[in-house]
Amino acid sequence: MYSSGLIVFAKPPVLGQVKSRLAKSIGDKQALEIYQFLLKYTKQVIDELIKLHSCRVLVYWDSFIPENSVFSNSYEERIQVEGNLGAKLTEAFRDFSSEQENLCVIGTDCPFLTSSILAEAFQALGSGKSCIGPALDGGYYLIGLKNPNAYWFEGIPWSTSEVFQRTIDKFTEKSEPFHLLPTLRDVDTIEDWKFFQSTI
């Protein structure tokens, strides 16, 4: 039995259905190629994490589980429930929390995420603190909760620059101890992708 669990939210890599903001600049085909790269990168980071911190990994796909996905031979896969992101996160945490004590969720949009940052998140949870990794666009790339429930995801204006701050406000309102992880940049736009390429 693992004491920790990592939830991964992902979209099936389907032409025209991923990275829509990026696709407006470079087209659906190249946007799909970039998303496939991000999926593989996320898988690599998780594989490295397992060497540092033993945990159960569960990948939640939006709409359906793609055949022969990058995660298929390594980690469990499920389908997200219907509803907004808050409903999906609530259900994933509820689904998992009966089995694991320390839970984090990440997406598949951040090529700057590292296994050491994930290990830091689990270390914070192990010390009794929730944790959050702010994204440069005002969202977050990771959230780990000591007391997972729907409250943390209610009333959040998803896909806006207010997501991170509204979540911090909730931590403050409930006097929830939390650990702040490094601020990272997701890849959502062509500017994000060019910035990432400049760092390679």
Side-chain angles (χ1 to χ4, degrees), residues 1-10 37-60 70-71 74-76 85-86 88-90 92-149 151-153 156 158 161-188 192 195-196 199-200:
M1 173 69 81
Y2 297 110
S3 63
S4 301
L6 178 67
I7 298 166
V8 184
F9 266 32
F37 164 81
L38 292 169
L39 285 174
K40 291 175 183 177
Y41 177 81
T42 304
K43 164 71 161 48
Q44 178 185 328
V45 170
I46 296 170
D47 290 346
E48 292 171 357
L49 169 71
I50 300 303
K51 300 173 185 176
L52 299 172
H53 183 95
S54 179
C55 69
R56 183 183 178 195
V57 179
L58 220 167
V59 181
Y60 281 82
V70 296
F71 299 104
S74 303
Y75 304 116
E76 299 173 67
L85 182 56
K88 293 172 183 286
L89 288 166
T90 298
F93 271 101
R94 181 183 296 128
D95 190 26
F96 218 170
S97 62
S98 61
E99 302 170 48
Q100 269 67 46
E101 180 181 354
N102 299 318
L103 293 178
C104 284
V105 62
I106 60 171
T108 53
D109 299 318
C110 186
F112 299 100
L113 182 64
T114 64
S115 57
S116 60
I117 290 175
L118 289 176
E120 181 181 340
F122 282 116
Q123 184 177 15
L125 287 165
S127 69
K129 295 180 180 179
S130 291
C131 57
I132 189 166
L136 205 60
D137 62 4
Y140 54 73
Y141 61 85
L142 177 153
I143 188 167
L145 297 170
K146 285 303 296 182
N147 303 293
N149 59 68
Y151 168 78
W152 307 114
F153 308 118
I156 301 292
W158 302 109
S161 60
E162 298 179 36
V163 172
F164 170 73
Q165 188 56 54
R166 292 283 283 273
T167 306
I168 293 298
D169 291 344
K170 282 178 172 286
F171 285 158
T172 302
E173 289 168 10
K174 291 293 185 180
S175 299
E176 177 79 5
F178 70 92
H179 175 72
L180 194 62
L181 296 164
T183 300
L184 301 180
R185 186 169 185 163
D186 284 337
V187 169
D188 292 313
D192 295 331
F195 177 80
F196 169 65
T199 66
I200 298 175

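We number each residue from 1, following the sequence as shown.
The minimum heavy-atom distance between Phe164 and Gly139, with the atom names listed, is CB-O, 3.4 Å. Shown here for Cys55 and Gly5, the closest heavy-atom pair between the two residues is CB-N, 4.3 Å. Heavy atoms only, all atoms of each residue included: Leu52 and Ala119 are closest at CD1-CB, 4.4 Å. Pairing each heavy atom of Ile132 with each of Pro134, the nearest pair is O-CD, 3.5 Å. Counting all heavy atoms, side chain and backbone alike, Pro111 lies closest to Phe37 at CB-CE2, 4.5 Å. The nearest pair of heavy atoms linking Ala135 to Thr183 is C-CG2, 4.2 Å.
A cation-pi arrangement is absent between Lys43 and Phe71, since the terminal nitrogen or guanidinium carbon is not both under 6.0 Å from the aromatic centre and inside a 45° cone about the axis. With Tyr151 as the aromatic partner, Lys174 meets the cation-pi criteria of under 6.0 angstrom to the ring centre and within 45 degrees of the ring axis. Taking the ring centre of Phe196 as origin, the terminal cationic atom of Arg185 falls outside the region bounded by 6.0 Å and 45° from the ring axis.
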Working for side-chain contact (heavy atoms from CB on, under 4.5 Å), residues His179 and Gln123: CA-CA 10 Å; His179 175 72; Gln123 184 177 15; over 6 Å; no
Residues Arg56, Glu76; criterion salt bridge (Lys or Arg N to Asp or Glu O under 4.0 Å); working and verdict: CA-CA 9 Å; Arg56 183 183 178 195; Glu76 299 173 67; 2.6 Å; yes
Working for side-chain contact (heavy atoms from CB on, under 4.5 Å), residues Leu113 and Ile106: CA-CA 10 Å; Leu113 182 64; Ile106 60 171; 3.9 Å; yes
side-chain contact (heavy atoms from CB on, under 4.5 Å) between Phe122 and Leu103, intermediate numbers included: CA-CA 8 Å; Phe122 282 116; Leu103 293 178; over 6 Å; no
Stepwise side-chain contact (heavy atoms from CB on, under 4.5 Å) check, Leu118 with Leu142: CA-CA 9 Å; Leu118 289 176; Leu142 177 153; 3.5 Å; yes
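Each of Leu49, Leu125, Val8 was compared with Cys104 under the side-chain contact (heavy atoms from CB on, under 4.5 Å) criterion, and only Leu125 meets it. Tyr141 pairs in a side-chain contact (heavy atoms from CB on, under 4.5 Å) with only one of the listed residues (Thr108, Leu181, Val105, Leu136), which is Leu181.
Between Phe171 and Trp152, the gap from one ring centroid to the other is short of 6.0 Å.
In this structure a side-chain-to-backbone donor-acceptor pair under 3.5 Å is present from Ser130 to Lys146.
Side-chain contact between Leu184 and Ile117 is present, with heavy atoms from C-beta onward closer than 4.5 Å. The side-chain heavy atoms of Tyr60 and Lys88, taken from C-beta on, include no pair separated by under 4.5 Å. Residues Thr199 and Phe112 are in side-chain contact: their nearest non-hydrogen atoms beyond the backbone lie under 4.5 Å apart. Residues Phe178 and Ile168 meet the side-chain proximity criterion, which asks for heavy atoms closer than 4.5 Å.
Side-chain contact check for Tyr140 and Asp186: no donor-acceptor pair (N or O, by modelled atom type) lies under 3.5 Å. A side-chain N or O of Ser4 and one of His53 form a donor-acceptor pair less than 3.5 Å apart.
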